[in-house]
Amino acid sequence: MKIGAPKEIFEGENRVALTPQSALQLQKLGYECVIETGAGAAARFSDQDYKDAGVTVVKTGAALWKACDFIIKVRAPEEVEVKRFTEGQTLISFIWPGQSEALLETLRTKGVTAIAMDMVPRISRAQKMDALSSMANIGGYRAVIEASNNFGRFFTGQITAAGKVPPATVLVIGAGVAGLAAIGAAQSMGAIVRAFDVRPEVAEQIESMGGEFLFLDFDDNQDGAATGGYAAVSSPEFREKQLELFRAQASEVDIVITTALIPGRDAPKLWLEDMVMSMKAGSVIVDLAAERGGNCDLTVPDQKIETENGVTIIGYTDLPSRMATQSSTLYSTNIRHMMDDLTPEKDGVPVHNMGDDVIRGATVTHGGEITFPPPPPKVQAIAAAKPKAPEKTPEEIKAEEVAATKAAGRKQTVMLIIGGLIMLLIGLYAPDSFMEHFIVFVLSIFIGFQVIWNVSHALHTPLMAITNAISSVVILGALLQISVGGGFLVTLLAAISVLIASINIVGGFVVTRRMLAMFQKS
C-alpha cells in the first residue's frame, strides 16, 4: 500500500502532510511513501531529504493520485484535486465536514473513504492524533508574536532612567489549547494576562500558568463543556452576561486574543463593534477564529485592518502556516499515529474499524455513505464528577472514633491472650535457659515497638522510625543481657551492641532535629 502527499495548492499554504521523519515511521508500518516534487520546499524539506528517507518523489500531483492508495493532505481537497480520486482510495486531511456538504457528497459518490483530522474526538487515547490541538498550540503562540509585532509598547513593565513603562494587559477569550498557549507565551513575555472560558474546569489551568481567570456573576453557572472536550453553545442569558463582562474589560485591556470555536458551527460573535470602539488607540485584537467567521464583529479574514479609533484587528487564517516547519512536523506526526491505529498488525494492511471511537469519529465518508456526524464517543473527554459524600456530623465522627477505639482494644486483648497461650505452650516443652533468653527477646521487641511507634510519623521519616525502633530493641536486649550475665564474651558483645545502638539512636534524633529546623521560620 502506498501513501502519498501532494503539494498543497491552496494559496499561501506552506505546510506539508509528510516529512522525512514521519515517512521513516510509516515505512516501519509496512507502507511505501510517495511525495510530489517541491511539496515540502516551503516547510524547508527538500526533495533530496525525502529521497534520503526512502520516499519516492513524483513530478506531478496527477501521477501521485494515480499511484497511491492513501492521499494525505493539510487542506481539504480543491475541485481539481477531487476529480483525481478513484473508488477505494482513502483521504486523510482537514475537511471541516460541517461546512463542506458538497465535498462530502462528491467523495461519497466517488467511493472515497475520508478521514477528517479536524474530527478526531478529544479523548485521552486520541491526543496523539489531535491535529486541531497541534495546530491550535502553534496558532496561540503565533498570535502573541503577531500581537507584540503590532503593539506599540513592551509587553513587560520596565522602570528606566527615561521613565516607567507599564506592562501590557492581555485578555484571552477561550482557554482551550490555543488559549493556553497564548496565555503561556504572553505571561513569559511579562504581560498581565486575564482569561475567560465557559468551562469552569479550566480556571485552575489558567491560574497555574500565571493568568487571572475572570469569573462570571451568573446564578445558573453552566458548565460549557460539550461532548468531545469542546465548548458548547451558551444560553442567551449566559451570553448576555458574557458580553457585559467583556464590555467592562474592553477599556482596560491592550490586547485581545479570541479563540472560541464550536465544532460544526460558525465562530460565535463575542467581541462586538461597540467593544472595539471603547478600546484604547494602539490596542490589538488577534482573532484566531477568523477562518470560521471570526469572534470579532469587525474581523476581515486573511487581513489586518485598523479601525477609526486606532485598534488593529488581525484576522490571519494561516498562523500555523507561518511556522511551516514546526507545523508540518507536528501534523505529519498526528497522521502517522492515525495510520498506526489503522494498521493494527503493522503489516502495511489497513483495517478501517468503525467500532473504534477514534476512527469512527474521524471518518466522514465510508463505504459509499456519508458517516458525518458521528455518534458521541463512548469515553467522555472529561469524566463526570463523582458525587461528594455527605459531610459527617460531629456526633457521627465521635461515634466512629469510639467504635474504632473499642475495636483496637479488643484486637490488642485477643493478641495478648494468644501471645500468653503461645508462651505457656513453649514453656511446657522448652528448657529454662532458652526461656530466659526468649523472654528477654520478646520484651525488648514489645518495649521498643511501644516506645518508637507511638511517636507521630509527622516528626520523622518512616525510615528513621524503623531504624530507631530496631536500635531500641537491640539496646534493651543488650542491657538485659548484661544484667543477667552469661560470661565475658556475652557481656562484651552486649556492651558493643549498646555502644553501636546508642550512636545510631543519637544520630537519628540529630538528623531528625535538623530536618525539623528546615521548616522553622528564622
Side-chain angles (χ1 to χ4, degrees), residues 1-78 80-81 84-86 89-94 115 117 120 127-135 137-139 141-142 318-351:
M1 300 286 280
K2 293 184 178 180
I3 298 176
K7 185 176 182 179
E8 298 293 329
I9 63 174
F10 187 89
E11 185 179 356
E13 181 55 71
N14 298 320
R15 292 171 290 178
V16 63
L18 182 72
T19 64
Q21 185 61 37
S22 68
L24 292 172
Q25 299 298 322
L26 289 171
Q27 289 167 25
K28 290 180 181 178
L29 293 176
Y31 294 100
E32 295 180 42
C33 296
V34 182
I35 194 163
E36 183 181 350
T37 184
R44 302 293 187 268
F45 300 114
S46 67
D47 289 348
Q48 189 59 48
D49 293 334
Y50 287 106
K51 290 177 182 178
D52 293 342
V55 180
T56 302
V57 180
V58 298
K59 291 184 178 181
T60 64
L64 182 138
W65 246 272
K66 188 176 181 180
C68 296
D69 306 286
F70 277 82
I71 304 296
I72 56 176
K73 284 178 48 59
V74 178
R75 295 276 181 171
E78 301 286 331
V80 65
E81 295 175 311
R84 295 172 179 168
F85 279 107
T86 57
Q89 284 185 315
T90 299
L91 167 69
I92 303 179
S93 73
F94 283 111
I115 297 176
M117 294 301 290
V120 172
Q127 287 181 355
K128 60 187 178 182
M129 305 169 233
D130 191 354
L132 277 180
S133 293
S134 297
M135 298 302 102
N137 183 31
I138 295 172
Y141 172 82
R142 183 72 188 198
D318 61 346
L319 293 181
S321 184
R322 290 172 183 244
M323 301 179 68
T325 304
Q326 185 67 71
S327 300
S328 299
T329 300
L330 294 180
Y331 181 66
S332 63
T333 301
N334 295 141
I335 288 182
R336 192 263 296 175
H337 284 301
M338 177 63 76
M339 293 304 303
D340 192 58
D341 270 30
L342 286 167
T343 319
E345 301 299 325
K346 312 297 185 271
D347 56 357
V349 179
V351 178

How close do Arg44 and Asp49 get, heavy atom to heavy atom, and via which atoms? O-OD2, 4.3 Å
So, Arg322 and Asp318, do they make that salt bridge, N to O below 4.0 Å? yes
Check for a donor-acceptor pair, side chain of Thr325 on one end and backbone N or O of Ala43 on the other, with a separation under 3.5 Å. yes
Over all atoms of both residues, closest heavy-atom pair of Tyr31 and Ile3: CG-CD1, 3.6 Å
Tyr331 vs Phe94 aromatic rings, parallel, tilted or perpendicular, using cut-offs 30° and 60°? parallel
With Cys33, the side-chain contact (heavy atoms from CB on, under 4.5 Å) member among Leu26, Ile72, Leu24, Thr56: Leu26
Give, for atom NZ of Lys128 and atom CZ of Arg336, the distance between the pair rounded to the nearest 0.5 Å. 8.5 Å
Evaluation steps, side chain to side chain contact (heavy atoms under 4.5 Å, CB included), between Thr329 and Gln21: CA-CA 8 Å; Thr329 300; Gln21 185 61 37; over 6 Å; no
Does Gln48, at its CD atom, have more than 12 non-hydrogen atoms belonging to other residues, nucleotides or ligands within less than 6.0 Å? yes
Where the side chain of Gln27 meets the backbone of Ala53, is there a donor-acceptor pair that is under 3.5 Å apart? yes
Of all the heavy-atom pairs spanning Ala5 and Leu18, show the shortest one and how long it is. CB-CB, 3.6 Å
Looking at Arg75, is its backbone amide N or carbonyl O close enough to the side chain of Glu13 to form a donor-acceptor pair, meaning the two atoms are under 3.5 Å apart? no
If you define the side chain from C-beta out and look only at heavy atoms, does anything of Gln25 sit under 4.5 Å from Leu29? no
When you compare the side chain of Lys66 with that of Thr86, does any pair of heavy atoms fall below 4.5 Å? no
CG-CG distance between Asp130 and Leu330, expressed to the nearest 0.5 angstrom: 11.5 Å
Nearest heavy atoms of Ser327 and Ser321, plus distance in Å: OG-N, 4.4 Å
What closest approach, in Å, do Glu36 and Lys7 show between heavy atoms, and which atom pair accounts for it? OE1-N, 2.9 Å
Measure the spacing between OG1 of Thr90 and CE of Met1 and express it to the nearest 0.5 Å. 6.5 Å
Are the side chains of Lys346 and Lys28 in contact, using a 4.5 Å heavy-atom criterion? no
Scanning both residues in full, the closest heavy-atom pair of Thr343 with Gly348 reads CG2-N, 3.7 Å
Here the gap from Met129 atom CE to Ser134 atom OG, rounded to the nearest 0.5 Å, amounts to 11.5 Å
Do Leu91 and Pro77 have side-chain heavy atoms sitting under 4.5 Å apart? yes
Given side chains that start at C-beta, do those of Pro20 and Asp52 come closer than 4.5 Å, heavy atoms only? no
Ser328 side chain to Val16 main-chain N or O, any donor-acceptor pair under 3.5 Å? yes
Residues Asp341, His337; criterion side chain to side chain contact (heavy atoms under 4.5 Å, CB included); working and verdict: CA-CA 6 Å; Asp341 270 30; His337 284 301; over 6 Å; no
Kindly check if the number of other-residue, nucleotide or ligand heavy atoms within 6.0 Å of OH (Tyr141) is above 12? no
For the pair Glu78 (side chain) and Phe10 (backbone), establish whether a donor and an acceptor sit closer than 3.5 Å, ignoring hydrogens and angles. no
Rounded to the nearest 0.5 Å, how far does NZ of Lys73 lie from CD of Glu81? 4.0 Å
Contact between Val120 and Met338 at the side-chain level, heavy atoms closer than 4.5 Å - yes or no? yes
4.5 Å side-chain heavy-atom contact, Ile71 and Arg84: no
Is the shortest side-chain heavy-atom distance between Ile335 and Met117 below 4.5 Å? yes
